[in-house]
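Read the structure below first, then the notes.
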Amino acid sequence: MLKETTRSQLWLSAWVIGFSVAMACLLLGFKHRAALDGLQRARLLLVATETREVVERNLTFGISFTDIATLPDVLASTRSAEALIAGIDVVDADGKAIYSTDPTRRGHYIEMEWRDVMRRAGGEPWHARDGADAVQAAPIRNSFGLTLGHAIVRYRLDALNAASVQFVRNLALDGLAVAVVGTLALFLLLRWVQTRLERRLARLHAAFEGQVRDARPGSLSAEAAEARVKIDEARHALEAAEAALGEPAGAPARVDAAS
Amino acid sequence: VSAYTASLRGYRLAALGAVILAVLGSILACAALAYSAFERELRPEALRKAETVGHVVDALAVKAMRYQLPLEKLPGIDELFDGLEKQNPEITWIAILVDEKPIFARGQQAHARLAENRVELPLITMGDPAVLEIAVDPAWVAHLFREMALDMGVILLVSLVISMELAIYLTGAGDFRSASVVQGALHAASRGDFRGVTTVAAARGEARALLSALASAVDTLAMKRTLLAAAIARRWPRRNADPREREALRAALARLRAATREYVLPSAPVPDAGRVDASNVLGAMRAPFFLFLFSEDLSRSFLPLYAGSLPVGPFAIPVHLVVSLPISIFMLIVALSQPTLGTWSERVGRRRAFLAGGLVGACAHLASAGAGSLSELLVLRAIAGFAWAVAFVAAQGFVIDHTDRDTRTRGLATFVGIIMAASICGPPMGGLLADGLGPRWTFAIGALLATGATLLAWRDLPRAAAAKRAVRPVRARDYAAALANPRFAALLALAAIPAKVIVIAFCFYLVPLYVAESGYNAAMAGRIIMLYSVMMVLGVPITTEVVERIQRARHTRPHALFVAGGLVVSGLAGLLMLMPLGLWGTAVLVFLLGIAQAISIAPQSAMVADVSSADMGRVGESAIYGVYRLIERLGNAMGPVIAAFLLQLAGFQAAFAAIGASVLLCGIAFYAMFRNGNAPARAGART
């Protein structure tokens, strides 16, 4: 059975290292996902921006937003060029799909959660997610700056989720190994400090018992030796008083619980 | 620091160094292991993004081809490259090469040397074949890790605070406690002060051996002195009958008196100093209380933003007021419920009160995680505020129940220390978690921690905590009597309320919103808010020491100067935001605010007793301090509302500056009013 001090030090080491490793792994996991997500979103925003520019170019030529004949082909070729993209929609300001790479979506409103985010975006590029589906969008404006609609790139988060889970799984295993090694290292360091403290206390004990002759003045060892001297002097003074009285000297010593 | 207190402190520092070393090593090992995975998984994704960027340039080249324009004369390329470089910081080289010579280029060509670090796209041109070359910064992943260094530093700091709390929870103060008692005992004995010698019954190893030997020797002295005194007393009636007896008694008494003059002789066995020192009087309450506060502090860095993200419903409330409401409601409930909770907690027992607070708090956090609207969140924050007040009063009562006149100040200082430790750990950790998991999950984790606090309290807190004395609740007439004192009212109006308004308005409301407005995340807000608590933890003991020294040396009470100084520094911190310092300005503001509060908080509390000394007998000290705390906490509740109003009216800079200027003026007015009122130091006055 482990001694109480050893057990406490082991628990302390395990908790402290466990906490810091867990937090570091969490942070790394968050950062990994955020970086991967950021890269994907930035890439898809470029695609949405390109689509928007195609639409806006057509608008400047006087073509109506609903009559851009070349747009479906552009959308289809853009979608096929990028494996991550699940589909591209061009929607009006209310969120109704005017063009889409998925014919069944044309004429229908996009998902309600996405429309909420779209309304709150205030004419800025926006991003929304709904379960494993996500969208990255760029607003389409006419030459007067009026928002006519949005170019929306739909994509699945499966790849991102799978990459994150795999990363976290690997990191968790690495973290576990680091935590075990770190715990042992901290435990050994604490033991080392404790051993040094024990030695120092043993030296103080020796100084108190008068076994150390060369204690540095002002040091704790010197104080320990001085404490013994003072105790002896006080005892002699009391014994002198006893002797003057003719009473027998001596008294029962304290019973040490350790002995 | 005297030599004797310093001599064994090295071991404590060595243990702290060991914890720092091991935690730092573990964090760095995790980062190193993750680094290669980042490189392996993120670089291909960055190159794919670079390829998409390439398609944008390619589209421009196609357009040039359509207009039969030579690539070299294509307009707008420089502006396009500038924009791409700005929007994609990981791309450090982008160039159009003809015959391997760049005709348009941005960035550092050296980064394109490695094939696995660049993408190449052929461009359709009117003339010679051209290639678009884009390179990703080879040190891009290293940059990501450098950005994480601050977060890692926060984890290190929080781990250290938690390890100290854990060390106390798991071992009391363990061997370091025994070593500290050894030091004190040897120091006392070496001066001949044998009554100053103490021991630790639970000491182990060499400390136990040394303390036993020392105690045994001192106990022998105590026994000899007792026996001698008894012998003298027994033989004293016979002194007149026998001249030799009289002479012996006279000689013995003279020697005993001489010994008493020379040494502080013990009259009783060496007392046990206890497993833990007076600074740890919270004992079993410490860990649950810390955990409970930690669970509440998690939401500090993101609560305004979370409130702002919830639907307001049919109420037409300005957005800045919306985000201030959860904090104000929380503070208001805390302020209003505390005066009545003290007596209730005493009646039902500290254990049951804390368990109730912990349980209600855990439920409130869990429900906050699922709040569907602002009104729901407000109700839940009010309940959380009530739970916080219940737990706070129970813990404070526990300290009061387990301390006496001599140890109460130190006990309450430890109590404040735990509040500060939790406020160091909570906001940055909450910010980190909110960035990664979202506010709702962070609230759920808070609920888990509060449940943990409740379970710890259920296991560790003593069941029967008998009330020491009945405390009379503060009544309305006490408020009237206390506030009728103009100096007390001025202390509240010019110092207590402004100090609280500025702290809560800045740290809990304006700073999180300003940081988010500047484009940074909740973790950054948490790190900045943490500075306040760090400065408080470091500054309060120093201020207390300095005030006591001045008091001893000059026999005056410099408290008014410290209070005014703190208010002036707080005010200047707010005015600092008028300078174009950006996020650094916020960090310096919070740093200065921490120093300012550390300067003023303890002297301000002590001044309450000074200015109300005439009312103490009539109204009672508890009632005076009850009124003071209530009004002070109402300042807490007012802070976010005032800040929200100013923010709505005039924007961030004006809100910071207006509050700062008002507090600065309060500081000046306070000093003008109290500068001549420094009464001579009175024994027992609170510092």
Side-chain angles (χ1 to χ4, degrees), chain A residues 5 8 11-12 15-17 19-21 23-28 30-32 35-36 39 42-43 46 163 167 170-171 174-175 178 182 185-186 189-190 193-194 197-198 201-202 204-205 208 218 220 223-224 226-227 230-231 234-235 237-238 240-242 244-247 251 253-254 256 258, chain B residues 3-4 7 11 14-15 18-19 22-23 26-27 29-30 33-34 37 41-42 45-46 49 52 56 144 148 151 155 159 162-163 166-167 170-171 175 179 186-187 189-190 192 205-210 212 215-217 219-221 223-225 227-228 231 248 251-252 255-256 259 263 432 436:
Chain A
T5 312
S8 305
W11 270 114
L12 177 68
W15 275 104
V16 170
I17 298 296
F19 171 79
S20 44
V21 166
M23 287 311 299
C25 288
L26 263 181
L27 179 66
L28 288 163
F30 295 160
K31 193 74 180 177
H32 179 268
L36 210 54
L39 283 172
R43 184 149 62 93
L46 283 168
F167 176 80
N170 293 340
L171 191 64
D174 290 344
V178 169
L186 179 55
L189 282 169
L190 290 175
V193 172
Q194 199 202 3
L197 178 62
E198 285 283 304
L201 289 169
L204 286 178
H205 193 180
F208 180 70
L220 199 57
E223 280 197 337
E226 182 64 19
K230 291 279 185 196
I231 288 169
R235 198 184 70 239
L238 289 172
E242 286 172 345
L245 202 60
E247 287 278 326
R254 183 191 184 94
D256 179 12
Chain B
Y4 104 90
S7 55
Y11 295 95
V19 173
V23 169
S26 302
I27 291 174
C30 288
L33 288 167
E41 292 167 29
L42 294 185
E45 196 63 37
K49 187 183 163 194
T52 310
V56 175
L144 284 181
M148 276 191 283
D151 288 326
I155 291 175
S159 297
I162 287 176
S163 68
L166 268 173
L170 290 171
T171 63
D175 295 330
L186 287 178
H187 185 63
S190 69
E206 284 298 334
R208 183 188 183 99
L210 174 53
S212 292
S216 173
D219 281 353
T220 305
L221 295 180
M223 190 68 82
K224 275 185 181 296
R225 183 179 186 258
L227 289 174
L228 193 60
R255 284 172 193 274
L256 184 58
Y263 311 102
L432 269 176

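Naming convention: chains lettered A, B, ... in sequence-line order (proteins, then strands); numbering from 1 in each chain.
By number of non-hydrogen pairs under 4.5 angstrom with chain A, the leading residue of B/Ser190, B/Ser26, B/Ala248, B/Ala22 is B/Ser190. Contacts with chain A were tallied for B/Ala189, B/Ala259, B/Gly192; B/Ala189 has the most, counting heavy-atom pairs under 4.5 Å. With chain B as the partner, the residue from A/Ala237, A/Ala202, A/Ala185, A/Gly182 showing the most heavy-atom pairs under 4.5 Å is A/Ala202. Ranked by heavy-atom pairs under 4.5 Å with chain B, the first of A/Val16, A/Leu39, A/Leu186, A/Leu189 is A/Leu39.
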Using the rule given for side-chain contact (heavy atoms from CB on, under 4.5 Å), can you reason through B/Leu228 versus A/Leu238, listing the C-alpha separation, both sets of side-chain angles and the distance that settles it, and then say yes or no?
CA-CA 8 Å; B/Leu228 193 60; A/Leu238 289 172; 4.2 Å; yes
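Closest heavy-atom contact between A/Ala244 and B/Ala252: CB-N, 3.9 Å. Residue B/Leu210 comes nearest to A/Leu201 through the heavy atom pair CD2-O, 4.1 Å, listed as atom of the first residue, atom of the second, then distance. A/Phe30 and B/Leu432 make their closest contact through CE1-O, 3.6 Å (heavy atoms, listed as atom of the first residue, atom of the second, distance). Of all heavy-atom pairs between B/Ala179 and A/Leu197, the closest is CB-CD1, 4.1 Å. Scanning all heavy atoms of the two residues, the minimum distance from A/Leu46 to B/Lys49 falls at CD1-O, 4.4 Å. Minimum interatomic distance between B/Ala34 and A/Leu171 (heavy atoms only, all atoms of both residues): CB-CD1, 3.8 Å.
One distance of note links CG of B/Leu221 with NZ of A/Lys230; it measures 13.0 Å at 0.5 Å rounding. Taking OG of B/Ser212 as the reference point, atom NE2 of A/His205 lies at 8.0 Å (rounded to 0.5 Å). Here the CZ-OH distance, from A/Arg235 to B/Tyr263, works out to 11.5 Å after rounding to the nearest 0.5 Å. The distance from atom CD of A/Glu242 to atom NZ of B/Lys224, rounded to the nearest 0.5 Å, is 4.0 Å.
Heavy-atom distances place the side chain of A/Ile17, and not its backbone, under 4.5 Å from chain B. Residue contact with chain B, scored on non-hydrogen atoms closer than 4.5 Å, involves the backbone and the side chain of A/Leu28 alike. Looking at A/Ile231, the atoms closer than 4.5 Å to chain B (heavy atoms on both sides) sit in the backbone and in the side chain alike.
The shortest distance between side-chain heavy atoms of B/Leu42 and A/Leu36 falls below 4.5 Å.
With respect to the salt-bridge test (charged N to carboxylate O, under 4.0 angstrom), the residues B/Glu45 and A/Arg43 qualify.
Around the CZ atom of B/Arg225, the shell of radius 6.0 Å holds more than 12 heavy atoms that belong to other residues, nucleotides or ligands.
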